[in-house]
Trainee: 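Have a look at this one before I ask anything.
All of these numbers come straight from a predicted model, not from anything done at the bench. Labels below follow one simple rule: chain letters A, B, ... track the order of the sequence lines, proteins then strands, and each chain is numbered from 1.
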Amino acid sequence: MKNSGTKNVRKETGGLLDTLIRIPEITIVLFIVIVSVFIGIQSESFFTTDNFVNISKQIAVNGILSIGMMLVIIAKGVDLSIGSVLALLCAVTGTLVEQNAPIWVAFPAILALGAFFGLLNGILVVKLKVAPIIVTLGTMNIYRGIAQVYSGGKWTSNLPDTYIMWGQGLMPICLLIIVAILFAVIMKYTSFGRHVYAIGSNEESARLAGIRVDRTKKIIFTCSGLLIGFATMVFIGRTGVIQPSAGTGYEMDAIGAAVLGGVSFAGGKGTVLGTVLGAVLMGLIMNGMTLLKISANYQGMITGLIIVLALLLDTFRNVYQGRRARA
Amino acid sequence: MTKPRQFWKGTFAKYNYQFVLLLFLAVWFVVMGIVNHSFLSMNNIATVVTRLSEIAIIAMGMTIVVIAGGFDLSVGTIMAMVPCIVGLAYGQGVPFAVCLAFGFLAAMAVGLLNGVLIAKAGFQPIIGTLATMTALRSLIYVITKGKPISSFPENYMQLAHGKLLGIPIPILLMLAFAVFFSWIMSHTKFGRFVYATGGNIKAADIAGIHTAGLTIKVYVLSAILSALAGILYSSRLISASPDAGANTSFDCVTAVLLGGTSIAGGKGNIQGTVLGIIILNFIINGFNLIGINAYWQMIFKGCVLLAAIGYDSRRKPGFKMVKQKTA
């Protein structure tokens, strides 16, 4: 237990590169500044209040989703089903609107349902004993199919103001900040948070240390589902319509944000702050593409490129740290 | 001494599962034949088999990738990309053979990229190919401007619609590839190295197999087969659509796993995959004839995938049997 002192000793060593490698958040902040300045020079409408509110809305949905994704990736999994769950929750919200359900019923109901779908993922992952990525590849299609069958593909518009308000003005960014702080605290100060890191670093040791791995995994996926519920409400409020085809490719954005933020697929590494910053960077880039009138067709290319670069950075980081540890 | 008995036991254990699949296919044929009279018509069966041969060719490549311990989500996108490139180049007046060469070279480049990212940079196969898939799809939209391409030579359709000895050419191609790759996997050094790499990559490395090179080769092979399937598919429709193959990767994975290939790698065979593809496509064809919509089919396929991986993870105790035999 006394060994925790070594961490402080190591902090004294190293130059700029070392600091950048050790604290991925600094790298992202640098990138955010560079990207902002670049877009700001190219487009006058970038540094305006309207645009920032606009960006904040876009970031909020992806940010909330990527915090859930971060939890799963830290525990050495990936959740590919988040976009489909979002679509399914949208479809259910459509029904709730039709039934004139008041928001204080609808909001908790969507959260609970999201948590339930997440739990279902978690149970499957634990019971089938297969990598979460494969399981969620299956449930991604199942949830998407259910969303389409359930809603019949129909859109709902003319939503009541109580539904819209969650995605208007500064509400989304406030929700994101609340969720981020909540999960930052959970990850840092609760035993659950530490168990997530432990499982990601080495599942077998975590099990031997007495951590209930299966239960923790179920909770992780439940949290991810709960966050999708939050994101759904913001998403519906922002777009003002309910479309069951929503959320395709959102898993890529969430993975991108998390990986940019220094969450490692090797497991056991990553912070809420980094993830949120990653989401901010992705949001800025996407916004910049709109402002610079780059066709939406390029969007996937940029997302893919960002993820590849972020992963390469992660590989480089691991190799570098491995070398330092050996030296 | 008990060699014959062990041989039968081994053969039974190996083919038992595929026998069950065949039995299921027979039952399905009988049931569907009673429910819908057009199901068993020669015309319907020929159409289904001709169409499934495209996807079966992709799935064979996928099988080899999965046996090598990998995963390739980009196959559907490569299948869409190649005919778009070929058609665009031909539209510009490039000789057709050169267009084809362009198409295949592009596919090989993507395969090479996948392989290098996974084998050299240590990406998780699904994430790496998910990133290339997203980027490629957007690249296709950029080069085609989202419009289908139909500038193909006059006799291009002969490839998919032509017949040799009364059998459609795609079916012949599929059979030829099935025999060829079964032989490769069971009788060549390459095949055994693939099994070894997928079974235990560290052991394979220590045994002197150049696993990184092998992994790259496997992804390039998968890309080439996807390109070929793309050519067949565009020859069938005489058109190349930029949104083709959106679900192909998922269908292929489902068929590969249904055919008894283990997602953990090192186990599986080509025959199983072909059987998986045949079953899946006849089930879907039956659903279409009864009038079950595409989204129900999506849910169904997701459930098949989960069931297949569930069965696979239950089957793992089978390793003990092998160990006892050697002891």
Trainee: Please report the shortest heavy-atom distance between A:Gly304 and B:Ala135, naming the atom on each side.
Mentor: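 Shortest heavy-atom contact: CA-CB, 4.3 Å.
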Trainee: Roughly how far, to the nearest 0.5 Å, is the CD atom of A:Glu251 from the CG atom of B:Leu130?
Mentor: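 Atom-to-atom, B:Leu130:CG and A:Glu251:CD are 6.5 Å apart.
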Trainee: Would B:Thr254 and A:Asn141 satisfy side chain to side chain contact (heavy atoms under 4.5 Å, CB included), going step by step from the backbone distance to the final call?
Mentor: CA-CA 11 Å; B:Thr254 310; A:Asn141 282 268; over 6 Å; no
Trainee: Find the distance between CD1 (A:Ile146) and OH (B:Tyr295) and round it off to the nearest 0.5 Å.
Mentor: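 Output value for this atom pair is 14.0 Å.
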Trainee: Working to the nearest 0.5 angstrom, can you tell me the gap between A:Arg144 CZ and B:Ile299 CD1?
Mentor: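 Rounded to the nearest 0.5 Å, the CZ-CD1 separation comes to 12.0 Å.
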Trainee: Checking A:Leu80 against chain B: side chain, backbone, both or neither under 4.5 Å from a heavy atom?
Mentor: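 Only the side chain of A:Leu80 comes within 4.5 Å of chain B.
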Trainee: Could you check whether atom CZ of A:Phe116 has more than 12 heavy atoms from other residues, nucleotides or ligands sitting under 6.0 Å from it?
Mentor: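 No, not enclosed.
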Trainee: Measure B:Leu117 against the heavy atoms of chain A and call it side chain, backbone, both or neither at under 4.5 Å.
Mentor: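 Looking at B:Leu117, just its side chain touches chain A.
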Trainee: Which atoms of A:Ile255 are under 4.5 Å from chain B, going by heavy atoms: the side chain, the backbone, both sets, or neither?
Mentor: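 Contact with chain B involves the side chain of A:Ile255 alone.
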Trainee: To the nearest 0.5 Å, what is the distance between OG1 on B:Thr132 and CG on A:Leu305?
Mentor: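 Those atoms lie 12.0 Å apart.
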Trainee: Looking at every non-hydrogen atom in both residues, tell me the closest pair between A:Leu312 and B:Phe123 and how far apart they are.
Mentor: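 Residues A:Leu312 and B:Phe123, closest heavy atoms: N-CZ, 3.7 Å.
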Trainee: Return yes when atom CE of B:Met108 has more than 12 non-hydrogen atoms of other residues, nucleotides or ligands closer than 6.0 Å, and no otherwise.
Mentor: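 Counting other residues, nucleotides and ligands, CE of B:Met108 stays at 12 neighbours or fewer.
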Trainee: Closest heavy-atom contact between A:Val78 and B:Gln124?
Mentor: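 Minimum heavy-atom contact is CG2-OE1, 4.4 Å.
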Trainee: So for A:Ile306, is it side chain, backbone, both, or neither that comes closer than 4.5 Å to the heavy atoms of chain B?
Mentor: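 Neither part.
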Trainee: Any chance you could measure B:Ile263, atom CD1, to A:Leu128, atom CG, to the nearest 0.5 Å?
Mentor: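 One gets 12.0 Å once the value is rounded to the nearest 0.5 Å.
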Trainee: With a 3.5 Å distance limit and no angle check, can you tell me whether A:Thr315 reaches the backbone of B:Ala121 through a side-chain donor-acceptor pair?
Mentor: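 Here the side-chain-to-backbone pair exists.
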Trainee: Above 12 or not: heavy atoms from other molecules or residues under 6.0 Å from OH of A:Tyr197?
Mentor: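 Counting neighbours around OH of A:Tyr197, more than 12 heavy atoms of other residues, nucleotides or ligands fall under 6.0 Å, so yes.
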Trainee: Can you tell which part of B:Phe71 gets under 4.5 Å to a heavy atom of chain A, answering side chain, backbone, both or neither?
Mentor: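 Just the side chain, heavy atoms under 4.5 Å.
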Trainee: What closest approach, in Å, do A:Leu137 and B:Phe250 show between heavy atoms, and which atom pair accounts for it?
Mentor: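 Residues A:Leu137 and B:Phe250, closest heavy atoms: O-CE1, 3.5 Å.
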Trainee: Output, in order, the C-alpha distance, side-chain angles, deciding distance and verdict of side chain to side chain contact (heavy atoms under 4.5 Å, CB included) for B:Ile127 and A:Ile133.
Mentor: CA-CA 9 Å; B:Ile127 304 296; A:Ile133 199 161; 3.9 Å; yes
Trainee: Please report the closest heavy-atom contact between A:Gly145 and B:Met298, naming both atoms and the distance.
Mentor: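 Reported closest heavy-atom pair: N-CE, 4.2 Å.
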Trainee: Heavy atoms only, distances under 4.5 angstrom: which of A:Met140, A:Lys127, A:Gln148 has the most pairs with chain B? Name it, please.
Mentor: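 Counting heavy-atom pairs under 4.5 Å, the top option is A:Gln148.
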Trainee: Answer with side chain, backbone, both or neither: which region of B:Leu305 has an atom nearer than 4.5 Å to a non-hydrogen atom of chain A?
Mentor: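 Looking at B:Leu305, just its side chain touches chain A.
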Trainee: Can you tell if the side chain of A:Ile134 reaches within under 4.5 Å of the side chain of B:Val253, non-hydrogen atoms only?
Mentor: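 Counting from C-beta outward, A:Ile134 and B:Val253 never come under 4.5 Å.
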Trainee: Check B:Thr134 against A:Met252 and note the closest heavy-atom contact, atom names and distance.
Mentor: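 Residues B:Thr134 and A:Met252, closest heavy atoms: OG1-CE, 3.2 Å.
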